[in-house]
Structure formats: structure tokens, C-alpha cells
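Accompanying notes for the structure given below.
By convention in this document, chain letters (A, B, ...) are assigned in the order of the sequence lines, proteins followed by strands, and residues within each chain are numbered from 1. Computed from a prediction, not measured in an experiment: that's the story for all the values here.
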Protein chains: 2
Amino acid sequence: MLKSKASQNAADQRNITRLRVLEHIRTEGSISRIDIASALQTSPATVTAATADLISAGLIKEIETEHQSKSAKRGRPRVLLQLDGGSYLIAGLKVARHMISVILADFEGNEVTSYKYPLDDVRMTPGAFVATIRTALDLACAQINATLNSLSGVSIGIAGLVDAERNFVHWSSSLTERNVDFSQFLETELPCPAFIENDANLVAKAEQLFGLGKGLKNFLVVTIEHGVGLGIVLDGKLYRGERGCGAEFGHTKVQLDGALCQCGQRGCLEAYVGDYALIREATVADQGTGTETVAEIHKNARSGDERAKSVLTRAGQMFGLGISNLINLFDPECIILSGTQMDLEHLYSDEVMARIRSGVVNVDTLLPEIKAHHWGDLMWAKGAAAYGIEQVSILKVKELATNAP
Amino acid sequence: MLKSKASQNAADQRNITRLRVLEHIRTEGSISRIDIASALQTSPATVTAATADLISAGLIKEIETEHQSKSAKRGRPRVLLQLDGGSYLIAGLKVARHMISVILADFEGNEVTSYKYPLDDVRMTPGAFVATIRTALDLACAQINATLNSLSGVSIGIAGLVDAERNFVHWSSSLTERNVDFSQFLETELPCPAFIENDANLVAKAEQLFGLGKGLKNFLVVTIEHGVGLGIVLDGKLYRGERGCGAEFGHTKVQLDGALCQCGQRGCLEAYVGDYALIREATVADQGTGTETVAEIHKNARSGDERAKSVLTRAGQMFGLGISNLINLFDPECIILSGTQMDLEHLYSDEVMARIRSGVVNVDTLLPEIKAHHWGDLMWAKGAAAYGIEQVSILKVKELATNAP
DNA sequence: CATATTTAATTCAGCGGGTAAAATATTTAC
DNA sequence: GTAAATATTTTACCCGCTGAATTAAATATG
């Protein structure tokens with residue numbers, strides 16, 4: 001049922017307004033209509049219309065106004081609006097090498113339950129991939145006596161090159177095949193809309209919607225884990241590059257013909273900062289006596305082991321160089337370093353910050369804020385859930401448009 | 001005279017449509033209304049309205065339709081539209097260390113005349129700066145028996161940190177002062193609107209409007225000259241960063257604690273690729289026998305001088321590394337290298353391209369196009385003129401909105 | 001306690017940009 | 001010359017947003 005151009009454009013405009021309102025409510029937590037109008041520079045009448053639509057879609061709800069609250073003013077009290085957390089259940093998945101992590105989240109991004117599903121094979125065929133995801137979802141839903149049908153959206157994060165707009169995976173370390181179009185697979189296997197995205201972009205979405213990037217227009221999210229990832233948010237939108245394969249911060253080169261990276265190239269940042277790089281170096285420093293874990297390297301460094309310290313110091317130097325390059329190129333409002341406490345420890349130090357400062361041109365202007373966000377191991381799955389929540393919001397608003405009275 | 005919200009938004013919308021039409025005509029050169037409608041996914045009625053406005057503003061004109069041209073089809077012939085080149089005269093200036101270059105261009109970007117005004121002082125006070133610009137403009141106008149009053153816009157390019165939206169210069173190597181607000185200065189000294197921008201951004205604008213970036217959404221322009229500059233065009237718009245000091249490609253670090261750069265930091269790309277870097281290296285290679293020029297280095301390399309060759313080779317290696325990092329981060333449609341024939345010679349070689357390829361992740365996808373654009377020495381001034389043309393377009397369309405019948 | 005006052009939210013008529021459809025313009029085909 | 005084809009313009013209308021008027025819901029006041 002193709003709509004005419006006129007109603008297309010008009011509906012588009014209206015959806016944009018509704019999404020802007022929804023987004024503002026999400027950012028503010030709870031807010032009255034009149035404040036939305038003034039913040040978005042729009043008229044109260046428009047806000048009334050938009051919020052009515054959003055309420056009827058179950059996306060937001062009114063909460064009881066606190067009478068004579070703070071400033072005991074008279075006049076009709078403001079009715080606060082906030083996300084309607086309970087109305088939709090969203091699943092976020094992260095596919096890692098030996099594990100699928102699942103989070104079921106409510107519409108406000110709160111974790112309802114989580115589940116970890118161990119993986120035998122690092123690489124799967126597309127069919128096995130989708131089937132495994134389905135199984136993991138079933139088990140996660142079972143934990144709260146729900147079924148797949150309770151889900152309003154599923155969002156899947158994987159490492160690799162993903163064209164999120166088409167649910168198309170150019171390449172992923174979790175798949176045996178290249179160039180897989182998941183739009184078919186997912187539609188037949190899952191009873192709700194599903195989305196695939198690059199994992200670093202998902203974390204960026206989580207920071208934007210619920211984390212340290214709330215309300216920011218231009219910021220970068222650097223993820224630290226096995227590798228080094230980057231999510232770029234410009235003008236409030238994820239920047240994915242022309243072919244969907246940008247933001248490969250971990251593989252920017254910090255040394256001409258430098259250390260060998262997993263990707264086969266030399267001098268990648270990841271080859272100095274990734275966990276395998278640390279382990280490789282530490283092993284050499286130990287004269288190859290055994291395979292040390294990253295945790296052990298940290299422990300040894302703390303207890304004064306000069307070789308372990310040196311490994312972490314160089315990682316920090318290279319990391320600082322890379323971050324200062326990001327600032328020199330993007331001049332963002334803020335850079336968020338996302339990872340576990342341990343992964344960030346040696347990368348969010350005074351020495352690294354000093355090196356960043358010394359690598360950014362024009363030191364008299366204030367440096368962009370650099371914040372560390374210490375996540376637990378569900379960081380990626382939570383990111384996926386955040387993306388799912390946003391995508392479901394967009395779908396519900398679109399449905400509104402077509403079902404208009 | 002403040003307009004109401006309603007007319008503001010509506011007028012905005014309309015201006016956006018008119019600018020989109022104007023932009024498309026500029027990109028296509030000459031095009032009929034029906035083709036504009038189909039290209040912009042809009043209705044013929046809207047195009048009729050928009051083009052009528054643009055014609056009345058003197059921005060575009062109809063050109064004689066060629067009867068039964070190519071395909072001898074019947075039906076009413078298409079009327080081609082194109083920019084109305086003659087209607088406005090725009091000045092573009094580039095302030096360099098010892099010279100101000102001026103271009104007077106028509107509205108289609110064609111050079112009407114050019115003029116070079118030698119500078120005694122590298123650094124000037126803001127007052128002297130504006131006065132000098134005025135003098136240079138006067139002399140340039142005199143060449144075609146025109147006056148300053150003939151100009152519809154003046155665009156000024158300088159090296160440094162510029163907040164173009166406010167005509168505010170945070171810092172420039174051409175000024176004795178920091179944090180200069182030129183909006184006042186220019187308004188009193190010049191009889192027409194004037195704009196200041198960072199010089200690399202201007203070249204990017206020139207590529208977008210009239211050069212190799214025509215019609216592209218996401219591309220990068222790397223300028224090679226004394227230093228290495230970058231202009232970033234994302235989603236069709238210049239990306240300037242949060243504080244207007246992004247795109248400092250020349251000062252991204254390609255070597256930890258590497259060669260000393262003009263900016264005082266170590267390891268900057270520019271410290272390996274800039275002309276002063278080449279001269280410094282070559283002088284060492286010559287055992288300090290004298291100051292070689294870049295042209296001589298090239299000549300020596302061509303005639304087999306291994307030391308000169310080595311200087312250029314390393315510059316190329318570092319440049320290739322930097323470019324591959326840009327691709328890894330931005331994944332652009334295209335990278336345009338802009339400079340003189342000589343400056344680009346050793347940087348647009350097969351060796352450098354091979355190094356770029358070897359530094360970009362995911363080699364199975366096609367590399368973004370890398371094009372060299374060999375400009376003459378008026379590159380920067382032409383860039384300024386391009387920016388001026390765009391700004392004047394925007395102003396004229398805005399005037400239309402307020403003068404509507 | 002009744003009423004005035006204040007502020008929030010909603011309703012409603014109208015503006016204005018964009019559209020589809022109709023009308024008009026201008027050509028070639030026959 | 002007339003019909004057919006194609007481009008452009010005109011016209012009536014749709015729809016989102018707005019300002020103004022209205023309604024709603026609280027406090028202040030005497």
C-alpha cells in the first residue's frame with residue numbers, strides 16, 4: 001500500500017517530531033509537556049499531539065504529578081512524562097567467541113534478566129548462527145516465564161563489518177561465510193523485528209541513550225576488550241562510513257611497519273593495546289615461561305614487576321597517541337572509554353592523559369572531556385538492548401503513522 | 001522584526017527545498033525541471049515554485065532549449081536551467097605568509113580575474129589585516145574596472161583555527177592576536193557580506209561545489225603545501241568539530257616521540273611530509289651544505305640521487321600510513337589529494353598507493369577512490385571563492401523568504 | 001469557603017509548504 | 001492539420017505546526 005508523496009513527507013515530518021519528543025523524554029528521564037516544548041523550541045500544541053500519539057503507542061506514560069512540589073507555586077501542576085518501561089520487552093545479544101550473552105531489558109533500558117549461552121564453535125554457518133540465537137533467546141525468556149512472543153525486538157551485536165540498515169554482514173569473525181544477508185533468516189526464525197549491528201556501535205548507542213553520552217551531539221566511544229573498537233556519534237547520529245566499515249580505530253596504524261596484528265597488518269594500535277598483544281609481550285618478557293593472563297600482568301605490575309609495568313606503559317603510550325589523533329581529527333565534545341575496570345586501568349591513567357594532552361594541537365583550548373565508563377561483562381549485550389529499544393521506538397512510531405485514525 | 005514560529009519553520013523548510021534545487025543545478029551543470037523533480041524525489045509543482053524563486057533572485061536562469069536534440073522525441077521540450085553566472089561577483093582571498101591571493105569569480109565559479117598582493121609582515125593586527133584585505137580587493141577590482149561595491153560577497157581563507165559560523169578566529173599564524181571576532185571589523189570595512197574560514201575547509205568546499213567532490217556525500221580533501229591540511233565532508237556538510245578545531249590531519253601522530261614538528265610536538269605527519277620537513281632531511285643528507293628547495297630535492301631524486309630519493313620515500317611512507325588511517329576511521333567515498341603537481345608527485349605514486357592498501361583493513365572490499373587534483377597556485381583563493389558563492393546563495397535565498405510577495 | 005490568580009494542557013481555526021490532478025504549452029508523428 | 005507525447009504551470013487540497021482561545025487544576029487570599 002504505497003502512500004502518496006504528500007502524506008509520505010508530512011508523515012515523515014510528524015514522525016521526526018514524535019521521535020524528537022520521545023528522545024528528549026528519554027534523555028531527561030521525566031519531564032512535563034511545557035518543558036519539552038521550550039526545550040525543543042516548538043509549540044505546546046505540537047507537544048500535546050506528539051505525546052498523545054506516543055502514549056497511545058505505549059511508548060511513554062504520565063506519572064503522578066507531585067502536588068506543590070519544590071517551589072509551592074500555584075497554577076495547574078505539570079504532568080510529568082516518562083518512558084513506559086513495562087510496555088515492551090527487548091532482547092540484546094552479544095555474540096563473542098565462546099559465549100552468547102543475552103539481556104532482556106524493559107523499555108527504559110533496565111535489565112530484566114540476563115543469560116549466558118556457551119558456544120562450542122567460534123565460527124558458525126548463518127543458519128546455525130540464527131538457530132543458536134533462537135535457542136539462547138528461548139532459554140533467556142524461560143528464566144522469566146516468558147516466550148519469544150513476549151519480545152518486541154531483538155538486537156544482535158557481533159564483531160565485524162555490518163551494514164546495519166540492511167541487516168547484512170560483510171564479514172564477521174563469528175561466521176563461516178562472508179556477505180550474509182540476515183534479513184531473510186531473522187524474519188523466518190524470530191517472531192519479532194531483529195537487528196544486527198557492529199558491537200562497538202552498539203556500545204556507542206548505549207552511551208548515547210542511557211550512558212555518558214546522553215544529550216551529546218558529537219562524541220566518540222572507544223571500547224576496550226579483546227580488541228579496540230570505536231563508535232562515532234556525529235550530530236547525534238551513528239556515523240558508519242560509506243560502506244559501513246569505518247571506525248576501525250583498533251587498526252589505525254601507530255607505528256610504521258610495527259608489531260604484527262591479528263588482522264595480518266603491522267603497526268595497528270590493537271597490536272599494542274589488545275589483550276593478546278599484552279600477553280604476547282609479557283610472554284617474551286618472561287622468556288616464554290608460560291601464558292600469562294592479562295589479570296596476572298596487572299597483578300605483577302602492581303607488585304613492582306618492571307617488565308610487566310613496561311608492557312602496560314607502552315600500551316598506554318600507544319593508546320594515548322591514538323586518542324590524541326582522534327581528538328585532532330574529530331574534535332569531539334567528549335570521548336568515552338568503555339570497558340571493564342581491569343581493561344581500562346592502565347589506559348585511563350594520569351600518564352596516558354598527559355600523553356593525550358601532549359599530542360593534541362592547540363593546547364590552550366580546553367581538551368575534550370575524556371571519561372571512563374566501567375561496565376560489567378554485559379556491556380555489549382546492554383548496548384545491543386539499547387539499540388533494540390531505539391529501533392523498536394522507530395518502528396512503533398512508524399506504525400502510528402499508518403494506523404492514524 | 002521577529003517572525004512567528006510557524007512562518008519560521010515553514011520558511012526554513014522552503015529555503016531548504018530551494019537550496020537543494022540550487023545545489024542540484026550547480027552539481028548537474030544544466031538540467032530541466034522535470035529531471036530535478038525526479039532526482040530530488042519531489043513533485044514538479046514544487047520544482048516550478050522553487051526555480052521561479054531562484055530565477056527571480058538572479059541565482060539561476062533558463063537557457064535555450066535545443067529543439068529535437070538527441071533523441072528526437074516529441075512532446076514539449078525540456079527547458080534547461082543553469083546557474084546565472086553573471087549576476088553576482090564573488091571575491092575569494094587566501095592569506096598566506098608573504099602574499100594575499102585574490103580571485104574574483106562569477107557565480108558559476110569561473111575566474112574573472114586574479115591578483116596577488118605581496119605582504120611584508122607575516123603577522124598582522126586584526127585592524128591591519130582587514131585594511132590590507134580591503135586594499136588587495138580594491139586593486140583586484142580595479143583590474144576589471146570594478147569597485148568593491150560590485151562584489152556580492154568576500155570570502156577569506158587563512159591557516160588556523162576558525163569558527164566560521166561566527167567569523168571568529170581562535171588562532172591564526174597570520175595574526176598577532178588570538179581570539180579575534182572579525183564580524184564587526186568586516187562589516188564596517190567592506191560593503192558586502194564577508195566570511196572567514198580555515199583554508200583547508202575552503203578547498204574542500206571548492207572540490208564539493210566545482211571539483212572532484214561534486215555530488216559526493218562523504219569525502220575527505222587532503223591539502224598538500226607548506227603543511228598538510230584536511231577538509232572533512234560528511235553527509236554533504238563540512239564537519240568542523242565541536243570547537244571548530246578538528247581535521248588537524250597534519251598533526252596526527254604517525255610516530256611515537258618522532259620528528260619535531262613546527263607546532264612543537266613530536267611525530268606529527270607534517271614533520272615528515274611538509275615541505276620544511278623535506279628540506280630539513282635533505283639538508284642533513286647533504287651534510288648541511290646548503291638549503292635545498294623542494295624542487296631541487298625532486299630534481300635530484302629524479303636524476304638518481306639516492307639520498308633525495310630516500311627523503312621522498314619516507315615522506316611517502318608516512319603519508320600512506322596517515323591516509324590509510326583516515327580510511328580506516330572515516331570509510332569515505334573518496335579521498336581527494338589537492339595540491340600543485342610538484343607537491344603531489346611523490347605522494348600520489350604507486351608505492352604510496354600500495355602502502356595505503358596495505359594499511360586499510362578488509363582488503364577484499366574495494367578501496368575508496370583516491371584522486372589527485374593538481375591545482376595551480378590559486379587553489380586556495382579559488383576555494384575561498386567557492387565558499388563565498390555558497391554563502392551568497394544562502395543569503396540570497398533567505399532574502400527571498402523575507403521579501404515574499 | 002468562595003473566588004481570584006496562576007500556570008499547564010488542550011482545542012481550534014488558520015497558515016503555508018508540498019502534492020496530485022487538471023490544465024496548459026509546445027513539440028513531433030502521421 | 002490533427003493526434004499524441006511530454007514538460008511545465010495552475011489549482012484545489014492535505015497535513016503538520018502555530019497562536020489564540022479555552023479549559024483544567026492547582027494555590028493565594030480574604
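Side-chain N/O atoms of R76(A) and base N/O atoms of dA25(D) include no donor-acceptor pair closer than 3.5 Å.
Two residues, T17(B) and S32(A), neighbour DNA chain C, and the one matched to the more 5' nucleotide by heavy-atom proximity is S32(A).
Across dG18(C), dA9(C), dT18(D), the shortest atom-to-atom separation from the side chain of R78(A) is found for dA9(C). Listed candidates were dG16(D), dA4(C), dT27(C). Nearest to the side chain of R74(B) is dT27(C). Side-chain proximity of T46(A) to dT19(C), dA9(C), dC17(D): nearest is dC17(D). You'll find that the side chain of T48(B) is closest to dT10(D), out of dT10(D), dA20(C), dT18(D). Considering only the side chain of P77(B), dT26(C) comes nearest among dT6(C), dC17(D), dT26(C). Distance from the side chain of A45(A) is smallest to dG19(D) among dG19(D), dA4(C), dT7(C).
E242(B) and N218(A) share a side-chain donor-acceptor pair at under 3.5 Å. A donor-acceptor contact closer than 3.5 angstrom is absent between the side chains of S38(A) and D35(A).
Within 6.0 Å of the CZ atom in R20(B), the count of heavy atoms belonging to other residues, nucleotides or ligands does not exceed 12.
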statement: Symbol by symbol from the 5' end, with Watson-Crick or G-U pairs under 3.5 Å, [ ] crossing and | another strand, DNA chain D is ||||||||||||||||||||||||||||||

